[in-house]
Amino acid sequence: MDELNQTRVSMGVHVIVALVIGFVSVEVAQMSRSLFAILLGLGVLYVTGFVVQRMTGKKGIKWWFANGIAMYLFFWLISWILFYNLAIA
């Protein structure tokens, strides 16, 4: 797998997982506390990082931050806000 495909796989996996966890975070936050939802989201990010690392090979923390962490956090926050507003409406 070349570098461009590894980047696409990493970003795609992180974005899809972030959207799902954004929905789950709303449900968890309604059942318990928001702190637990945040810890759940960060834990899933950590596990997703290991899975992507196995798929693409070890790249280092700088590569993972640019091609995974930043996208995950952005889409997780956006989806959490979106689903939260849909849930209270």
Side-chain angles (χ1 to χ4, degrees):
M1 192 180 310
D2 63 337
E3 182 71 26
L4 184 59
N5 283 339
Q6 291 174 349
T7 301
R8 288 177 182 165
V9 166
S10 177
M11 285 188 173
V13 169
H14 280 89
V15 166
I16 290 169
V17 170
L19 293 174
V20 171
I21 294 301
F23 178 75
V24 172
S25 294
V26 171
E27 300 300 322
V28 169
Q30 288 178 352
M31 290 188 299
S32 61
R33 296 183 172 197
S34 294
L35 179 62
F36 184 67
I38 292 170
L39 292 175
L40 174 72
L42 293 176
V44 169
L45 171 63
Y46 191 69
V47 171
T48 304
F50 276 117
V51 170
V52 169
Q53 190 178 42
R54 294 285 176 148
M55 291 168 50
T56 62
K58 295 190 177 198
K59 296 289 186 182
I61 191 73
K62 246 179 4 179
W63 185 88
W64 183 40
F65 185 81
N67 297 309
I69 295 174
M71 297 301 289
Y72 178 90
L73 293 175
F74 178 74
F75 278 95
W76 177 41
L77 180 64
I78 296 299
S79 64
W80 191 350
I81 292 168
L82 176 72
F83 291 130
Y84 178 76
N85 286 328
L86 291 175
I88 63 170

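Since the model is a prediction, treat every value here as computed from it, not as a measurement.
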Item to check | Within-4.5 Å side-chain heavy-atom neighbours: V51 and V13 | outcome: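 The answer is no, as the side chains (C-beta and beyond) never meet within the 4.5 Å cut-off.
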
Checklist entry - Hey, does I38 have a side-chain heavy atom less than 4.5 Å from the side chain of W80? => result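 A side-chain contact under 4.5 Å exists here.
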
In the single-linkage hydrophobic clustering (I, L, V, M, F, W, Y; side-chain heavy atoms under 4.5 Å), do [X] and [Y] co-cluster?
| X | Y | value |
| --- | --- | --- |
| L40 | I16 | no |
| M55 | W64 | yes |
| W76 | L82 | yes |
| I78 | M11 | yes |
| V15 | V52 | no |

[X] side, atom [atom1]; [Y] side, atom [atom2] - distance, nearest 0.5 Å:
| X | Y | atom1 | atom2 | result |
| --- | --- | --- | --- | --- |
| K59 | T7 | NZ | OG1 | 7.5 Å |
| R8 | T56 | CZ | OG1 | 14.5 Å |
| L73 | L42 | CG | CG | 7.0 Å |
| R33 | L39 | CZ | CG | 12.0 Å |
| L45 | H14 | CG | NE2 | 5.5 Å |

Next on the checklist: Taking atom CZ as the centre, does F83 end up with more than 12 heavy-atom neighbours from other residues, nucleotides or ligands that are less than 6.0 angstrom away?
Outcome noted: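 For F83, atom CZ is crowded (more than 12 foreign heavy atoms under 6.0 Å).
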
Item to check | Nearest heavy-atom neighbours spanning S79 and G22 | outcome: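 Minimum heavy-atom separation between S79 and G22: OG-CA, 3.2 Å.
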
Check for a donor-acceptor pair, side chain of [X] on one end and backbone N or O of [Y] on the other, with a separation under 3.5 Å.
| X | Y | answer |
| --- | --- | --- |
| Y72 | G41 | yes |
| S32 | A29 | no |
| S10 | Q6 | no |

Next on the checklist: The criterion is ring-ring contact (aromatic ring centres under 6.0 Å, His included); which residues satisfy it with F75, sequence neighbours excluded?
Outcome noted: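 For F75, no residue satisfies ring-ring contact (aromatic ring centres under 6.0 Å, His included) once neighbours in sequence are set aside.
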
Checklist entry - Which hydrophobic side chains are connected to W63, either touching it within the sub-4.5 Å cutoff or through other members that do? => result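 W63 clusters with nothing; isolated.
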
Checklist entry - Residues sharing F50's hydrophobic cluster, by side-chain heavy-atom contacts under 4.5 Å among ILVMFWY, directly or via others? => result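 Other cluster members: Y46.
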
